[in-house]
Amino acid sequence: MVSEFLKDKLLNIYHRLYGRYGPQHWWPGDGAFEVIMGAILTQSASWANVEAALANLKARGLLDPAALRAIAQEELAHLIRPSVYFNVKARKVKAFVQHLGEQYDDDLEALLGKDAQPLRQELLSIFGIGEETADDILLYAANKPIFVIDAYTRRILDRLGLAPAQNGYSAYQLLLMEGLPHDVRLFNEYHALLDRHGVETCRKREPLCGECCLLDMCPAGARLSLQG
DNA sequence: ATCCTGAGTC
DNA sequence: GACTCTGGAT
């Protein structure tokens, strides 16, 4: 149960972040398949590295499920080398395109058209797709109103004193999804803004509290500011 | 709790 | 040289 006070606070945070950073254009018009590849490749990797890996695939016409099934896993690993953990990620990509071919004859829209919860369960059953990656796919490829939780989201909520009682993925997700209207555009932009804020201002070490648009509502920021 | 493991930043 | 990055599997 989320209070009206907290709901207002969550919307207030969104509006301040949007005012500070503007629209983030996350995964705009790249096509659902490329979004899914990006979601897998970006696990614990910086987006700049992922872009290099995706460019390698695109240059060889490999942003295509059948083509990815045809290529040797070792060769695929070499091409996605910039994205870190390339051997495991090559296996993850293979697992996804295998599933898509076997279960849907490569009809991605048929997969993404399923209801959110069954689709989420199905994605989680595929090797290499955990909760965050599944939710990335639900929100940014399938346009379902699901809030994506990641390390930035948790860190920012924690510092703001808004950490849920339990500290698992689903507790953070429940907090945000009960506290906000279920709007795809809002969830898309909000998550992207939290990441931008986490990278640029609310950094893991030495956060730049002096330039933070949320400083007046942040207990951690108040402490850090006093420390100078 | 450990493994995976490149590129950029400081 | 240490640290961080839009995690997940074992």
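Remember, it's a predicted structure, so these values are computed and weren't measured experimentally. Excluded from the calculations below are hydrogen atoms, water molecules and symmetry mates; all remaining heavy atoms, backbone and side chain alike, are included. Quick note on labels: first sequence line is chain A, next is B, and so on, each numbered from 1.
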- Message: So, OP1 or OP2 of B:dT5: does either fall under 4.0 Å of a side-chain N or O from A:Asn87?
- Response: yes

- Query: Using atom P of each nucleotide, how far apart are B:dC4 and C:dG1 to the nearest Å?
  - Reply: 22 Å

- Residues A:Asp195 and A:Gln24: side-chain donor-acceptor under 3.5 angstrom: no

- Hey, is A:Glu178 close enough to A:Lys7 for a salt bridge, meaning N to O under 4.0 Å? no

- Contact class for A:Val199 (heavy atom, under 4.0 Å): base, sugar-phosphate, or nothing? sugar-phosphate

- For C:dG8 versus B:dA7, give the span between their P atoms, rounded off to a whole number of Å. 23 Å

- On DNA chain C, nearest-nucleotide positions of A:Asn49 versus A:Tyr169: which is more 5'? A:Asn49

- Is the A:Phe33 ring parallel, tilted or perpendicular to the A:Phe96 ring (thresholds 30°, 60°)? tilted

- Item | Closest to the A:Arg205 side chain, choosing from C:dG8, C:dC5, C:dC3 | C:dC3

- Note on the structure: Regarding the side chain of A:Phe86, the nearest nucleotide among B:dT5, C:dA9, C:dG7 is B:dT5

- Choosing from C:dT4, B:dG6, C:dC5, which nucleotide comes nearest the side chain of A:Arg155? C:dC5

- Message: If you only use heavy atoms from C-beta on, which nucleotide in C:dG7, C:dT4, C:dT10 is closest to the side chain of A:Thr133?
- Response: C:dG7

- Task: Give a yes or no on whether A:His182 atom NE2 has more than 12 heavy-atom contacts from other residues, nucleotides or ligands under 6.0 Å away.
- Result: yes

